[in-house]
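Taking it in order: structure first as C-alpha cells, then the write-up.
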There are 2 protein chains.
Amino acid sequence: MARKTGSHSQTTGPRVRAAAATLFARHGFAAVSMRQIAAEVGVQAGALYLYTPDKQTLLFDLMQSHLEELLAAWGAEPKGDAPCGRLVAFVRFHIGFHLARPEAVFIAYMELRNLSPENFRAIEALRHRYEDALEGILRAGQADGSFHIPDTRLATMALIAMLTGVTNWYREGGRLARAEVEAIYCDMALKAVGATG
Amino acid sequence: MARKTGSHSQTTGPRVRAAAATLFARHGFAAVSMRQIAAEVGVQAGALYLYTPDKQTLLFDLMQSHLEELLAAWGAEPKGDAPCGRLVAFVRFHIGFHLARPEAVFIAYMELRNLSPENFRAIEALRHRYEDALEGILRAGQADGSFHIPDTRLATMALIAMLTGVTNWYREGGRLARAEVEAIYCDMALKAVGATG
DNA sequence: ACCATAACTGAACGCCTGTTCAGTTCAAGA
DNA sequence: TCTTGAACTGAACAGGCGTTCAGTTATGGT
C-alpha cells in the first residue's frame, strides 16, 4: 500500500506543523517522537520528511514563524503617538496575541534550549526585536516625562515577563474575561512605569 | 571490576542529584539519559538506582526539595508588620533566592509537564502555598489602604512572573549588581500595587 | 585477620529513536 | 488512454533508552 486517496501535499504540510505544535507544547520537543507526530497526522513517519528536512528544523520553523507573525502583527497594530497610549496598546496587543496562541507561545519560551546554536541565535534576534519595540515606548515616555523608570531595559524585561505570565494561568471561561485581564494589566503596567495622570 | 576506591554512598547520592540538576537544567529532563547523569558522576548507569527508584522520582525529588527549601527560607525570613515592608522583603527574598539557584528554578518552572499526575499535584500544591504568601501581603495592604490593587490574585501572578523573569536574563558580572536589580524591582513592584508614600 | 555488606560493574532486556529508501499507488496533464 | 511524478508506505538501519541483576570489590566493624 501507499498513498491514500484524496491526499494532498497542500493539506498534509500544515497538518504536520499543527500536530507538531500541539505535541511539542504538551509534552516537550525532546519527549515527542516523529512517529507520534506522524500518527497524529495519520501518516507513516517517513512521510514527514517530505515536509521537513529533520525534527530540529520542524521546531525552528514553528518558533520562527510564530515570532515573525508576532512582529508583523505588532507592526500592523494601530497605536497612538503618546507613550501612555502606546504602552496600553502594547499591553493589550501582547496579552491578546499570546492568549490566542498558547501552544506557539509555550514552545517559543520553553524549547529554546533544544535549538541548535545557529537556530538559537536567529530566534533570539527576533525576540530581541520585539523587546526593543517595548523598550522604545518606555524610552520615549522617559524622555517626555510621561514615565519615571529607573532603568528602561529592566523595566522592559519585567513588563514582558509579567505580561507573558498570563498564559501560564489564564483559562478561557475562568473567573475573569480576557478584556478584564487586559484592563487590569494595563493598570498595573502603567503604574509600574510611574505613568503620570 | 566494581566499586572504586574511596567511594561512599554519602557523597555519591548528592552528586547524583547535583549532576541531574545541572543536566536537566541545561538540556531538559527528556533529553537527558540516565547514562549521561552516570557519566557526569563517574559511575555506571545501574549504580544510579541505588539512589533513586527511577528517573521520574529523581526529577520529582529535585523539584520538591527546591520548593520546600523555598517555603522554609521564606518562613525564616525576617519581615516587618507593614505591608509595604513585607512586600519589599518578599521582592528582595524572591530575587535573591532564585538568583542563587538558577538550575533548580529552571527545572521547577520548565519540567512540570514531565511529572506524573500525582507528582504534579504535589508540586503544584507547594507552589500554590508560596503564591499565597505573596497574596497574603497584597491583601493585607489592600485592607489597610497601603496598596490599591484591582485584583489581588492577578497582581500576585503578575508580580511573581515579573520577579521570576529575572532569572532569564540576569548574569553575574553584568551591567547591574544584584542589589541594584533588587532595588529597581522593589520600586516597580511597589508602584505596580499602587503603594502610597 | 577476617567477614559481612555497602557500593558498584558490565552485560543484558525489550523497546524506541531519527532518518533513509526502494517500492507502491493514485491523480492530473497530454 | 497512457504516462509521469507527487505522495506515501513499510521495512530497515545503527544506535540509544530506562531498568534489572548476577557478580565483583573495597570498606568498616570485630
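Each chain gets a letter, A, B and so on, in the order its sequence line appears, and its residues count up from 1.
Remark: of the listed residues R139(A), R127(A), R153(A), R153(A) is the sole one forming a salt bridge (charged side-chain N to carboxylate O under 4.0 Å, His left out) with D132(A).
With F29(A) as the aromatic partner, K55(A) meets the cation-pi criteria of under 6.0 angstrom to the ring centre and within 45 degrees of the ring axis. A cation-pi arrangement is present between R101(B) and F97(B), with the terminal nitrogen or guanidinium carbon under 6.0 Å from the aromatic centre and inside a 45° cone about the axis.
The CZ-C1' distance, from R15(B) to dC8(C), rounds to 13 Å in whole Å. Here dG18(D) presents its P atom at 11 Å from CG of L58(B), a figure rounded to the nearest Å. For the pair L50(A) CG and dA6(D) C1', the computed distance is 9 Å after rounding to whole Å. Regarding I37(B), its CD1 atom lies at a distance of 12 Å from the C1' atom of dC17(D), rounded to whole Å. Rounded to an integer number of Å, the gap from Q56(B) CD to dG18(D) P is 13 Å. Following rounding to the nearest Å, Q44(A) (CD) and dG23(C) (C1') show an atom-to-atom distance of 14 Å. For Y49(A) and dA7(D), the OH to P distance is 18 Å, given to the nearest whole Å. Nucleotide dG18(C) holds its C1' atom 14 Å from the CG atom of N114(A), rounded to whole Å.
Taking 4.5 Å as the limit, every side-chain heavy atom of K79(A) sits out of range of all side-chain heavy atoms of I137(A).
In this structure, Q36(A) reaches the sugar-phosphate backbone alone: every heavy-atom distance under 4.0 Å involves primed, P, OP1 or OP2 atoms, never a base.
Note on E172(A) versus R178(A): salt bridge recorded, some NZ/NE/NH1/NH2 to OD/OE distance being below 4.0 Å.
Contact annotation: T12(B) side-chain N/O to dC8(C) OP1/OP2 distance is under 4.0 Å. Taking side-chain N and O atoms only, Y51(A) has no distance below 4.0 Å to OP1 or OP2 of dA7(D).
Listed in residue order, the members of residues 25-35 of chain A having a heavy atom less than 4.0 Å from DNA chain C are V32(A), S33(A), M34(A), R35(A).
W74(B) has its ring centre less than 6.0 Å from the ring centre of F93(B).
In this pair, H98(A) and H66(A) present their aromatic rings perpendicular. The plane angle is above 60°, beyond the 30 to 60° band.
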